[in-house]
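What you see is a predicted model; the values in this text were computed from it and never measured. Only heavy atoms go into these numbers, but all of them, side chains included; no hydrogens, no water, no symmetry mates.
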Amino acid sequence: MARCLVTGATGYIGGRLVPELLGAGHAVRCMVRSPDRLRERPWRGRVEVGVADATDPLRTGQALEGVDVAYYLVHTMGSGRGFAARDRAAASTFAAAARRAGVRRIVYLGGLTPGGEVSPHLRSREEVARILLDSGVPTAVLRAAVIIGSGSASFEMLRYLTERLPAMTTPSWVRTRTQPIAIRDVLRYLVGCARLPPDVHRAFDVGGPDVLTYAGMMRGYAAVAGLPRRLIIPVPVLTPRLSSLWVGLVTPVPARVARPLVESLRNETVCREHDIARYVPDPPGGLIAFEQAVDLALRRIKDADVATRWTSAPAPGAPSDPLPTDPDWAGGVLYANERSRAVPAPPAALWRLRVGDTLGSWRVEEVVPGRLLRLRAETRLPGLAWLELTCREEQGRTVYGQRAIFHPRGLLGHLYWWAGAPFHRRRVPGDIARRLTRAS
């Protein structure tokens, strides 16, 4: 097994790669600028931490001491002007430090690029790849297009555009072909690169089995999410800047993040080879198809795993799930309405229900005696609705907590919530609270 260094461990890919490497038996060291940002990671106690900025030669060299495989997952997308110079400086410093430290392999995840003119961010990814390949250290560059998984900026932009716009006039880039790849396949390739033979020194295109336009991905997402078919009308007049502002208006993805994504979508990003399979064979069932990848990214909602808001969940269940440390806009929208009240009854007396019992239009979905009762709405709604009831003892009395949860389906679901739908107004949850506490 190898000792692996992971840069960008607080980011989308790095945060998911670390547990995969640990699961494969590798020792892991995370190189971060602020160790405090790792505190919420469930694997924090199983890794070493090296504190360094990739532009600091001394500290980067110290972090690389004794490392066999170094994963370079640093990029500055959305960081404003001068990002290319910062990317260049960081990659050059890291490459030189890895060579001096005797690292056996560098692994870099970059962008899938066509020939000819490309966006500034894809051009910067290409430059970083060249710097690392010229480092004198055997290097594997994986070039991917859109990564499908909850928390991926590309996926979140796709999610929100599709869910919030049943019909849309869109920029011409929705007709550009791309080859999306599931986050699980990306991680499988990254982990597999730790075992590449020493003479493998090159770039690999990596993509899933489907080649789609962006419009095709939106329609595929809608089909998996149970939304009506989206009406998409491309127009040629929207520039990348206007497109990113439009995305920022329609979705919670910040315009500074949306712009480089939009600029990259102007270019066709389709794999020209699949040579990586010689070294990291495809799984028995093949690579994950686009709609299956979307289904995995939405699985937590499909499985009613709504015990807490995605961004405060204790730990992810799968690479395609959101992480607690993902941005607030990752993982989709989950509306909640919370309140509490003190009641003159011990926790064990508050409810005596079993899974499957009904209470009006609600069905009992989960019971933890004396602690938790989760009900799921059985009425027809433009989304999924739950009522989560908790209780705790506080200063000699029982505090009853209540949270109405709603996951909207499409634009109608958002309008339903914000219009003050009866299920999350006070009178319905309050009526349930009174019915539950009256008997006690």
Side-chain angles (χ1 to χ4, degrees), residues 3-23 26-67 69-80 82-83 86-87 89-91 93-94 97-98 106-109 121 128 147 149-156 183 186-187 190-191 252-254 256-257 260-261 300 308-332 334:
R3 180 177 296 279
C4 300
L5 177 86
V6 177
T7 64
T10 58
Y12 174 68
I13 298 293
R16 289 157 171 81
L17 175 60
V18 170
E20 297 295 317
L21 290 170
L22 291 169
H26 299 295
V28 177
R29 180 183 299 161
C30 297
M31 189 179 103
V32 294
R33 287 179 293 181
S34 174
D36 288 345
R37 294 184 64 191
L38 294 178
R39 279 188 302 186
E40 294 184 21
R41 304 286 182 173
W43 38 259
R44 172 61 183 86
R46 301 171 59 194
V47 302
E48 300 176 18
V49 176
V51 180
D53 186 299
T55 59
D56 184 330
L58 178 61
R59 288 181 176 263
T60 299
Q62 292 171 343
L64 285 163
E65 288 179 1
V67 166
V69 181
Y71 287 89
Y72 190 75
L73 305 173
V74 174
H75 64 83
T76 55
M77 184 177 74
S79 64
F83 72 90
R86 290 190 291 274
D87 278 347
T93 300
F94 189 85
I106 295 173
V107 181
Y108 172 60
L109 179 63
H121 279 269
V128 168
I147 296 176
S150 190
S152 160
S154 297
F155 178 75
E156 296 302 336
I183 179 60
V186 172
L187 295 172
L190 287 169
V191 173
V253 179
R256 60 181 173 77
V257 174
L261 296 176
R300 290 189 71 172
T308 183
R309 194 189 191 288
W310 309 147
T311 51
S312 60
S320 47
D321 286 346
L323 281 178
T325 47
D326 285 343
D328 289 343
W329 43 264
L334 197 68

Locate the shortest heavy-atom distance separating [X] from [Y]; write the atom from each residue and the value.
X	Y	value
Leu38	Arg44	O-CB, 3.6 Å
Glu156	Gly151	OE2-N, 2.6 Å
Phe94	Ala70	CZ-CB, 3.7 Å

Do [X] and [Y] come close enough that some side-chain heavy atom pair is under 4.5 Å?
X	Y	answer
Val69	Leu21	no
Tyr12	Ile147	yes
Val51	Gln62	no
Asp56	Thr93	no
Val107	Leu73	no
Val18	Arg41	no

If the plane angle is over 60° it's perpendicular, under 30° parallel, otherwise tilted; pick one for Tyr72 and Tyr108.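 Taking Tyr108 first and then Tyr72, their aromatic rings sit tilted (interplane angle of 30° to 60°).
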
Roughly how far, to the nearest 0.5 Å, is the [atom2] atom of [Y] from the [atom1] atom of [X]?
X	Y	atom1	atom2	answer
His75	Thr7	NE2	OG1	10.0 Å
Ile13	Ile183	CD1	CD1	3.5 Å
Glu20	His26	CD	NE2	11.0 Å
Cys30	Arg46	SG	CZ	11.5 Å

If the test is side chain to side chain contact (heavy atoms under 4.5 Å, CB included), which one of Val6, Val67, Val49, Thr60 qualifies with Met31?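 The residue from Val6, Val67, Val49, Thr60 that satisfies side chain to side chain contact (heavy atoms under 4.5 Å, CB included) with Met31 turns out to be Thr60.
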
Under the rule for side chain to side chain contact (heavy atoms under 4.5 Å, CB included), what residues qualify as partners of Ser154, not counting sequence neighbours?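 Checked Ser154 against side chain to side chain contact (heavy atoms under 4.5 Å, CB included); matches are Val146, Ser152, Leu261.
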
Ala98: partners by side chain to side chain contact (heavy atoms under 4.5 Å, CB included), with sequence neighbours left out: Leu64, Val103, Ile106, Val137

Restricting to side chain to side chain donor-acceptor pair (under 3.5 Å), what partner residues turn up for Glu48, sequence neighbours left out?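 Side chain to side chain donor-acceptor pair (under 3.5 Å) list for Glu48, sorted by chain: Arg3, Arg29.
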
Set of side chain to side chain donor-acceptor pair (under 3.5 Å) partners for Asp53, sequence neighbours left out: Thr55

Quick one: ring pair (Phe, Tyr, Trp, His ring centres under 6.0 Å) partners of Tyr71, sequence neighbours excluded? none

